Amino acid sequence: MANRCLLIQNIAGSLSRSNIVKVGLSDSLNMYPEVQNPTEHSTQLMMRSVSGEKKFVEREFDGACRGMYRVSRGIDGRPALYVVYGQKLYLIGSNGSATEIADIYTSATEVRMTETGGYNSAHPHLVLVDGTNCYAVDVTLPIASQRTDFRMIELPERVNDSTTKIHPTHITYLYGYLVCNDKGSDAFYTSIQYPGETLTSDDQPDWDWFRLGTTNNKGFITFSEWCPDNTLALCSNSSKLYTFGERSWQCFSYNNDKNMPFTCPDNCAGNIGIKAVNSLAMLGATTIWFGSSDVGENAVFMLSGTNLTRVSTSDIERELMLMKNPENAYASIWQEHRHVFYSLTFEDSQLTYVYDVTENAWHRRSSFNVKNEQTFWRYSHATHAYNVTMVAADHCLCCMDENVFEEHDGRPILKMRRGGVLTSNDQPFFIDCAEIIVNNGQQQTKFFNLKDNEPIEQPDQPDLNPRVELRYSWDGGNFCDPFEVFLGKVGEYQWNSTVY
């Protein structure tokens, strides 16, 4: 038989491992596939490494990050970043400074934020909710004035309960109205229009944002009435308002009626709920969440406008079904070049799954812990600010950088690609040799060891030859011992990474 040279394209691909090992074990860890133009490139599909992380703020914060938000207009009229770590709200400067602004009275729940603005808005406010309280601060004021201006906004009483205030876990702003949910009822609440700009009869700022004085402390209520489940979460894309319960989602539109500013058309709802409230993430017109209900259990769904798509595959859903405490999952969404990534982390199962909206493909991300064990990806709250994508780790605020190949504290990033099963008309075949197509001679090598359970970077070793570890299987289930393939020292562009 004549020798043949074939391009084994399944070396590049997504996460699609089956629970039946001989069907397929395709897996991508800290790498993702990117489609190429075959008329201009040598391949139709390639694998790219995830970006590394570096510190943006040098100081250490107390506790974990609970929320992050970029306001459109800060002290100098330019966008500014606010974060909550532990029980403190900080203003982050473009130079990496972190200035304490105020205390948050709760300690464990997520803190979600939005900003007011719009018509005649001289006093844009950052507004925060923590599941119990609502806070506001004028972000155009000098720092000292922000500290004194920071205040709590009085919340309405819960429907049919004059002894309990609502518990808002989510808040958004659109068409001049603040909108927040009450996790203990199927209602959401709308503020006066353009809060922060309205004056009382004696020309003082009106802080009765939720109209308690004119509604007997009940506020202005709208019900997510398509299904009687509680309104666990909500979000908006500045055009549409979306509410989510345990068994349903619903879309509301603005109708320019001050007595009923948001209404839901008959065809803008569905019987897919939300299992983990912190899995809800929105970027532009794209909304993604981890679903629940009779027809959407353990699946991931995406809304574009009112078009609903189930983006999780059967293999992914089989894995999600096994997660411990899935209601505690949390998500981030961000864009890198044309890729839109949605990460879904299950800390109790030590796993992070990432959906690439652009490529309609999944991969996994992970980090090393201090014991050098693979665990969940430890970054969250991805937010674009100061021309970078900010991400939060415990006690630390970082940013992504595609030219960094490690995490912010020097821990290496393990990258792994396992291709699917290859067959030739269901017959066995032999591969005499294979060439790994990589950027030969272009990667500087660094190595790490563990000292006192902390990774320590050693000095650059320009004479080292970087390598990848390979294993293969004859049957799709049992793999050979690992062996190494070298990629060429820096400048050895003609190096051939061939496997025999």
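Just so it is clear, the structure is predicted and the values come from calculations on it, not from any experiment.
- Between F220 and F210, the distance from one ring center to the other does not fall under 6.0 angstrom.
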Verdict with supporting geometry, S367 and E407, side chain to side chain donor-acceptor pair (under 3.5 Å)
CA-CA 8 Å; S367 298; E407 295 189 341; 2.6 Å; yes

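- When every heavy atom of C398 is checked against every heavy atom of Y379, the shortest pair comes out as SG-CE2, 4.0 Å.
- H339 and D356 share a donor-acceptor pair across their side chains, judged by distance under 3.5 Å alone.
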Would you check, one step at a time, whether the test side chain to side chain contact (heavy atoms under 4.5 Å, CB included) holds for L280 with N278?
CA-CA 5 Å; L280 178 63; N278 293 331; over 6 Å; no

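- Side-chain atoms of Y330 and H381 include no donor-acceptor pair closer than 3.5 Å.
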Just do the ring-ring contact (aromatic ring centres under 6.0 Å, His included) check on F252 and F262 with the steps written out, would you?
CA-CA 6 Å; F252 291 81; F262 301 103; 7.9 Å; no

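- Without hydrogens or angle criteria, Q146 side chain to L141 main chain gives a donor-acceptor distance under 3.5 Å.
- Side chains of T231 and K183 form no contact here, defined as non-hydrogen atoms less than 4.5 Å apart.
- Judged by distance alone, with hydrogens and angles left aside, the side-chain atoms of D182 form a donor-acceptor pair with the main-chain N or O of H167 at under 3.5 Å.
- Shown here is N95, whose CG atom has more than 12 heavy atoms of other residues, nucleotides or ligands within 6.0 Å.
- Between H170 and F244, the gap from one ring centroid to the other reaches at least 6.0 Å.
- Nearest heavy-atom pair across F368 and R378 is O-NE, 4.5 Å.
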Steps toward side chain to side chain donor-acceptor pair (under 3.5 Å) verdict (D348, N325)
CA-CA 7 Å; D348 293 330; N325 303 315; 2.8 Å; yes

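- Judged by distance alone, the side chain of R364 and the main-chain N or O of L29 form no donor-acceptor pair under 3.5 Å.
- Side-chain contact between Y342 and V300 is present, with at least one heavy-atom pair separated by less than 4.5 Å.
- The closest side-chain donor-acceptor pair between N360 and Y355 falls under 3.5 angstrom.
- A heavy-atom distance below 4.5 Å is not found between the side chains of T309 and S304.
- Donor-acceptor pairing under 3.5 Å is lacking for the side chains of Q193 and Y175.
- No donor-acceptor pair closer than 3.5 Å links the side chain of W334 to the backbone N or O of L283.
- Salt bridge R151/D149: present, at least one basic N to carboxylate O contact under 4.0 Å.
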Given Q374 and S366, is the side chain to side chain donor-acceptor pair (under 3.5 Å) satisfied, shown in steps?
CA-CA 6 Å; Q374 282 289 291; S366 69; 2.3 Å; yes

Show your reasoning for whether side chain to side chain contact (heavy atoms under 4.5 Å, CB included) applies to W377 and S343.
CA-CA 9 Å; W377 190 50; S343 67; 4.0 Å; yes

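- When atom types are taken as modelled, the side chain of H395 and the backbone of G63 share a donor-acceptor pair closer than 3.5 angstrom.
- The pair E359-R338 counts as a salt bridge, with a side-chain nitrogen and a carboxylate oxygen less than 4.0 angstrom apart.
- A donor-acceptor pair under 3.5 Å links the side-chain atoms of S26 to the main chain of S14, judged by distance alone.
- The closest side-chain heavy-atom distance from K415 to I413 is below 4.5 Å.
- In plain terms, the two heavy atoms of N230 and D186 that are nearest each other are OD1-N, 3.8 Å.
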Evaluate the side chain to side chain contact (heavy atoms under 4.5 Å, CB included) criterion for residues V83 and Y90: first the C-alpha distance (whole Å), next the side-chain angles of each, then the deciding distance (0.1 Å), finally the verdict.
CA-CA 5 Å; V83 299; Y90 298 90; 3.9 Å; yes

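- In summary, the side chains of E110 and T169 do not present any donor paired with an acceptor at a separation below 3.5 Å, with no hydrogens or angles considered.
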Could you walk me through whether H384 and R70 satisfy the side chain to side chain contact (heavy atoms under 4.5 Å, CB included) test, starting with their C-alpha distance in whole Å, then the side-chain angles of each, then the deciding distance to 0.1 Å, before giving a yes or no?
CA-CA 7 Å; H384 184 76; R70 185 194 69 166; 4.1 Å; yes

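- With a 6.0 Å radius and a threshold of 12 heavy atoms from other residues, nucleotides or ligands, K54 has its NZ atom at or below the threshold.
- With hydrogens and angles ignored, the 3.5 Å screen pairs no side-chain donor or acceptor of E469 with any backbone N or O of R471.
- Counting all heavy atoms, side chain and backbone alike, L126 lies closest to V71 at CD1-CG1, 3.9 Å.
- By the 4.5 Å heavy-atom criterion applied to side chains, F290 and Y353 are not counted as neighbours.
- The nearest pair of heavy atoms linking A392 to C65 is CB-CB, 3.4 Å.
- Donor-acceptor pairing under 3.5 Å is recorded for the side chains of D138 and T140.
- Open room surrounds CZ on R247; 12 or fewer heavy atoms of other groups in view lie less than 6.0 Å from it.
- The closest side-chain heavy-atom distance from K275 to E246 is not below 4.5 Å.
- A 6.0 Å sphere centred on CG of L414 holds more than 12 heavy atoms belonging to other residues, nucleotides or ligands.
- Side-chain polar atoms of N133 and Y135 form a donor-acceptor pair below 3.5 angstrom.
- Judged by the 6.0 Å distance and 45° axis criteria, R365 is positioned over the aromatic ring of F341.
- Using modelled atom types, one side-chain atom of S279 and one backbone atom of A276 make a donor-acceptor pair closer than 3.5 Å.
- Crowding of D62 atom CG: a count of heavy atoms from other residues, nucleotides or ligands under 6.0 Å not exceeding 12.
- The residue from T243, T287, L303 that alone fulfils the side chain to side chain contact (heavy atoms under 4.5 Å, CB included) condition with W249 is L303.
- Looking at K324 and E347, no side-chain N of the basic residue comes within less than 4.0 Å of a carboxylate O on the acidic one, giving no salt bridge.
- The main-chain N or O of E373 is found under 3.5 Å from a side-chain atom of N369 such that the two form a donor-acceptor pair.
- Between the side chains of D229 and S248, a donor-acceptor pair is found at a separation under 3.5 Å.
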Worked check of side chain to side chain donor-acceptor pair (under 3.5 Å) between T106 and R66:
CA-CA 11 Å; T106 59; R66 299 172 61 195; 2.8 Å; yes

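- When all heavy atoms of G13 and M47 are compared, the pair lying nearest together is N-SD, 3.3 Å.
- Among the candidates R17, H363, R417, the single residue satisfying the side chain to side chain donor-acceptor pair (under 3.5 Å) test with S28 is R417.
- Using a 4.5 Å heavy-atom threshold, the side chains of I104 and K88 count as separate.
- At least one side-chain heavy atom of Y82 sits less than 4.5 Å from a side-chain heavy atom of V139.
- Residues W209 and H125 place their aromatic rings such that the two centres sit under 6.0 Å apart.
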